[in-house]
Amino acid sequence: EVQLVESGGGLVQPGGSLRLSCAASGFTFRSYGLSWVRQAPGKGPEWVSTINSNGESTYYFDSVKGRFTVSRDNAKTTLYLQMNSLKPEDTAKYYCTTDLFDGVTGSYKPYWGQGTQVAVSA
């Protein structure tokens with residue numbers, strides 16, 4: 001089955017860094033773009049970053065530009081998010097997501113991992 005397993009979260013002080021990883025399996029990883037989405041307590045999900053299938057194009061939400069870097073290793077079927085200069089407002093659970101084609105419905109279906117918690121606090 002499709003699996004997206006995030007790791008690398010933890011507690012860090014403001015200004016610190018973390019690198020999140022998402023290990024993927026169960027689908028043709030190299031054929032799909034992937035995104036990072038985060039959700040803070042009591043708030044809805046917020047898109048953070050997207051990378052296309054071959055890693056050529058990346059996109060970021062304004063608040064993380066210049067601080068976060070998304071990358072992927074298609075040979076390892078792994079997605080990464082390097083997070084630098086972390087701020088308290090970055091505190092959230094971070095999810096690896098992708099939309100995969102469903103042959104039964106003939107449309108794309110969203111998949112999320114279980115998430116990894118990032119807490120930025122002094």
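Keep in mind that this is a model prediction, so the values were computed, not measured.
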(message) Does any part of the side chain of Cys96, heavy atoms only, come nearer than 4.5 Å to the side chain of Leu34, both counted from C-beta?
(response) yes
(request) Give a yes or no on whether Tyr32 and Val70 share a hydrophobic cluster (residues Ile, Leu, Val, Met, Phe, Trp, Tyr; joining criterion: side-chain heavy atoms under 4.5 Å apart). (result) yes
(request) Could you grab the distance from atom OG of Ser25 to atom CG of Leu4, nearest 0.5 Å is fine? (result) 7.5 Å
(message) Check for me, please, whether Leu18 and Tyr60 land in the same ILVMFWY cluster - side-chain distances under 4.5 Å, paths through other members count.
(response) yes
(message) Tell me every residue that passes side chain to side chain contact (heavy atoms under 4.5 Å, CB included) with Arg19, counting only those two or more places apart in sequence or in another chain.
(response) Tyr80, Gln82
(message) Applying the side chain to side chain donor-acceptor pair (under 3.5 Å) criterion to Ser35, which one of Asp99, Thr50, Thr98 satisfies it?
(response) Thr50
(request) Kindly compute the distance separating CG (Asn52) from CZ (Arg72), expressed to the nearest 0.5 Å. (result) 7.5 Å
(message) Asp102: which residues meet the salt bridge (Lys or Arg N to Asp or Glu O under 4.0 Å) condition with it, sequence neighbours left out?
(response) none
(request) Any chance you could measure Gln3, atom CD, to Gln114, atom CD, to the nearest 0.5 Å? (result) 9.5 Å
(request) Please answer: with hydrophobic residues joined when any side-chain heavy atoms are less than 4.5 Å apart, are Val2 and Trp112 in the same cluster? (result) no
(request) Look up atom CD in Glu56 and atom CD1 in Ile51, then write down how far apart they are to the nearest 0.5 Å. (result) 10.5 Å
(request) Would you check if Leu20 and Met83 make a side-chain contact, meaning some heavy-atom pair closer than 4.5 Å? (result) yes
(request) Give the minimum heavy-atom separation between Pro14 and Ala122, together with the two atoms involved. (result) CD-N, 3.6 Å
(request) Using the test side chain to side chain donor-acceptor pair (under 3.5 Å), find all partners of Ser107 that sit at least two apart in sequence or belong to another chain. (result) Thr105
(message) So for atom CZ, which belongs to Phe101, do other residues, nucleotides or ligands contribute more than 12 heavy atoms lying within a distance under 6.0 Å?
(response) yes
(request) Check whether Tyr95 and Trp47 end up in the same hydrophobic cluster, where Ile, Leu, Val, Met, Phe, Trp and Tyr are linked by side-chain heavy atoms less than 4.5 Å apart. (result) no
(request) Would you give the length of the straight line joining atom CG of Leu11 to atom CD of Gln117, rounded to the nearest 0.5 angstrom? (result) 10.0 Å
(request) Would you name the heavy atoms of Gly9 and Val118 that are closest together and state the gap between them? (result) CA-CG2, 4.2 Å
(request) Can you see which heavy atom on Ser21 is nearest to which on Thr78, and at what distance? (result) CB-CG2, 4.3 Å
(request) Kindly say whether the aromatic ring centers of Trp36 and Tyr94 come within a distance under 6.0 Å. (result) no
(message) Looking at every non-hydrogen atom in both residues, tell me the closest pair between Thr116 and Gly8 and how far apart they are.
(response) OG1-N, 4.0 Å
(message) Donor-acceptor check, side chain of Asn74 to backbone of Thr77, threshold 3.5 angstrom: yes or no?
(response) no
(message) Using a strict threshold of under 4.0 Å (side-chain N to carboxylate O), is an ion pair present between Asp62 and Lys65?
(response) yes
(message) Is the terminal nitrogen or CZ of Arg38 (NZ for Lys, CZ for Arg) located under 6.0 angstrom from the six-membered ring centre of Phe61 and within 45° of that ring's axis?
(response) no
(message) Nearest 0.5 Å, please: how far is CG in Leu100 from CZ in Phe29?
(response) 11.0 Å
(message) Check for me, please, whether Phe27 and Val37 land in the same ILVMFWY cluster - side-chain distances under 4.5 Å, paths through other members count.
(response) no
(message) Looking at Arg67 and Ser85, would you say the former's side chain and the latter's main chain have a donor-acceptor pair under 3.5 Å?
(response) yes
